[in-house]
There are 2 protein chains.
Amino acid sequence: MFRIFSIFGNEFNFEAMARTKEFNEDQALDKAIEIFWHKGYNGTSAQDLVTHLGLSRSSLYDTFGDKQKLFSKSLQRYQQQAQDTVKELLEKSDNVKETLHEIFKQAVIESLEDRITKGCFMVNSSVELAMHDEEIAKIVKSNSQTMEEVFTNAVKKGQEAGHISKTLDAKVLARFIFNNYSGIRVLARAGERNKQVYDDIVKAVFSVL
Amino acid sequence: MFRIFSIFGNEFNFEAMARTKEFNEDQALDKAIEIFWHKGYNGTSAQDLVTHLGLSRSSLYDTFGDKQKLFSKSLQRYQQQAQDTVKELLEKSDNVKETLHEIFKQAVIESLEDRITKGCFMVNSSVELAMHDEEIAKIVKSNSQTMEEVFTNAVKKGQEAGHISKTLDAKVLARFIFNNYSGIRVLARAGERNKQVYDDIVKAVFSVL
DNA sequence: ATAATAACAGAACGATCGTTCCGTTATTTA
DNA sequence: TAAATAACGGAACGATCGTTCTGTTATTAT
């Protein structure tokens with residue numbers, strides 16, 4: 001911070017630095033994602049955050065403002081990470097159908113492995129908050145749009161390469177894929193542990209492509 | 001209530017009735033469904049319940065025990081109502097594919113009409129509570145199983161009548177249908193208002209049947 | 001060394017949470 | 001009418017909520 005004193009026409013510039021942060025902000029955000037993802041917004045208390053992030057109440061509030069702002073930042077960070085992963089996989093791929101299949105298989109594996117069943121942070125937040133919090137609604141909407149674009153471009157590529165049926169429009173298929181992805185995440189959050197259920201759904205989904 | 005006093009071998013049976021309830025328990029439950037559905041469990045306060053159900057705190061607690069019990073009862077009542085509707089429609093139907101289409105179209109209409117976007121009470125509760133509350137988890141699981149059975153029987157009937165493709169097993173298709181139904185309800189809860197999005201999903205789903 | 005100040009730890013705040021308690025009212029049987 | 005008692009209205013409870021305040025510590029430029 002800078003303070004400039006102007007006395008009798010002369011300017012004195014005092015700069016004084018203070019203590020450095022003892023934690024990494026992004027690492028703290030990742031911890032916040034973990035606990036919000038697991039317990040939801042209303043289910044996570046300020047004390048939960050203090051305990052889980054390992055920093056004091058004052059540092060938490062000094063750094064992130066309040067609970068709502070911290071949640072919002074966490075969800076945005078999660079969105080960025082998740083989107084980047086899928087986007088890169090599909091853009092690099094030269095067999096989009098196969099890559100999409102891998103993405104779904106991965107979602108199934110995560111759903112079964114997940115000892116503390118978390119589902120998808122975006123889906124969870126959407127269900128819990130989208131209708132009560134405009135900022136969260138915006139993030140959810142932005143995520144849906146981006147994912148729709150990513151899937152649409154991928155399907156188009158697959159259709160041009162002859163890997164995916166042209167019977168249905170790319171956008172139709174993109175929305176269909178996204179819908180089943182959401183459904184699977186809800187299933188996981190509900191605690192479904194039967195692999196056959198997931199496999200059946202994936203089988204039916206890919207019978208369309 | 002009955003009190004039986006036994007004095008010197010003689011039994012005296014005193015029955016004294018008290019004030020009658022000024023509200024209907026099922027109607028109160030329906031109101032509870034409304035507000036829990038809209039705001040979720042954690043988002044609904046005891047005061048919300050008092051205000052919305054229109055009865056006093058004491059009556060509320062005397063009648064339903066506590067918040068968790070009231071929620072549980074509400075969800076069970078919702079489940080029964082929703083299941084009965086779908087089950088009856090499909091069992092009466094002589095063109096199951098068409099009836100399923102009607103059910104999905106109805107879900108789309110509700111999603112678009114819903115000014116206070118509620119999604120599906122079962123899906124919402126599943127996402128919010130299933131992993132933190134065993135009793136809710138049981139209800140969710142029971143609902144999934146019943147719906148899977150209902151859809152499986154329906155698909156079998158459709159396949160035997162030649163209305164639905166036999167390419168995929170009835171159970172596979174049932175799980176696929178249920179998954180897309182969940183997805184659509186999440187979309188609604190997220191505030192999606194574009195009919196085309198829903199129509200595209202339904203179109204893709206029914207291209208499989 | 002001193003002044004300046006952000007980061008920190010933790011006590012404390014008012015508000016709201018879910019729940020219980022108490023005194024009154026209304027209804028029924030004896 | 002009298003006795004019994006569930007239903008009722010509303011005050012009150014302790015606990016916990018999210019947030020703020022206070023005082024201390026650590027770091028840096030002067």
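Throughout, protein chains are lettered first and strands after them, A, B, ... in sequence-line order, and every chain is numbered starting at 1. Please read these numbers as outputs of a predicted model, since none were measured by experiment. Only heavy atoms go into these numbers, but all of them, side chains included; no hydrogens, no water, no symmetry mates.
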Give the rounded distance in Å between these two atoms: [atom1] of [X] and [atom2] of [N].
X: A:Leu55; N: C:dA9; atom1: CG; atom2: P; result: 8 Å
X: B:Leu60; N: D:dA6; atom1: CG; atom2: C1'; result: 16 Å
X: A:Phe71; N: D:dG18; atom1: CZ; atom2: C1'; result: 16 Å
X: A:Leu53; N: C:dA9; atom1: CG; atom2: C1'; result: 16 Å
X: B:Asp66; N: C:dT20; atom1: CG; atom2: P; result: 8 Å
X: B:Asn24; N: D:dC8; atom1: CG; atom2: P; result: 12 Å
X: A:Tyr61; N: C:dA12; atom1: OH; atom2: P; result: 18 Å
X: B:Leu49; N: C:dT16; atom1: CG; atom2: P; result: 17 Å

* Checking all strands, does B:Ser45 fall into the base, sugar-phosphate, or nothing category for heavy-atom contacts under 4.0 angstrom? ->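 It contacts sugar-phosphate atoms only.
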
* Any A:Ser56 side-chain N or O less than 4.0 Å from OP1/OP2 of C:dA9 ->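 So the side-chain polar atoms of A:Ser56 do come within 4.0 Å of the phosphate oxygens OP1 or OP2 of C:dA9, strictly under.
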
* **Out of C:dA9, C:dC17, D:dG18, whichever nucleotide has its closest atom nearest the side chain of A:Lys67** => D:dG18

* To do: If the plane angle is over 60° it's perpendicular, under 30° parallel, otherwise tilted; pick one for A:Phe71 and A:Phe36.
  =>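 Rings of A:Phe71 and A:Phe36: perpendicular, over 60°.
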
* What is the ring orientation for A:Trp37 with A:Phe121, classed by angle as parallel under 30°, tilted 30 to 60°, or perpendicular over 60°? ->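 Plane angle under 30°, so parallel.
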
Quick check: any donor-acceptor pair below 3.5 Å linking the side-chain of [X] to the base of [N]?
X: B:Ser58; N: D:dG9; answer: yes
X: A:Ser59; N: C:dA7; answer: no
X: A:Arg57; N: D:dT19; answer: yes

* Are B:Tyr198 and B:Phe104 close enough that their ring centres sit under 6.0 Å apart? ->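 No, the ring of B:Tyr198 stays outside the 6.0 Å limit from the ring of B:Phe104, centre to centre.
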
* Centroid separation A:His38 to B:His132 less than 6.0 Å -> yes

* Nearest 0.5 Å, what's the CG-OG1 distance between A:Leu90 and A:Thr99? ->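 One finds 6.0 Å between CG of A:Leu90 and OG1 of A:Thr99.
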
* To do: Using heavy atoms to find the nearest nucleotide of DNA chain D for B:Asp62 and A:Ala46 separately, return the residue whose nucleotide is more 5′.
  =>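 Result of the comparison: B:Asp62.
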
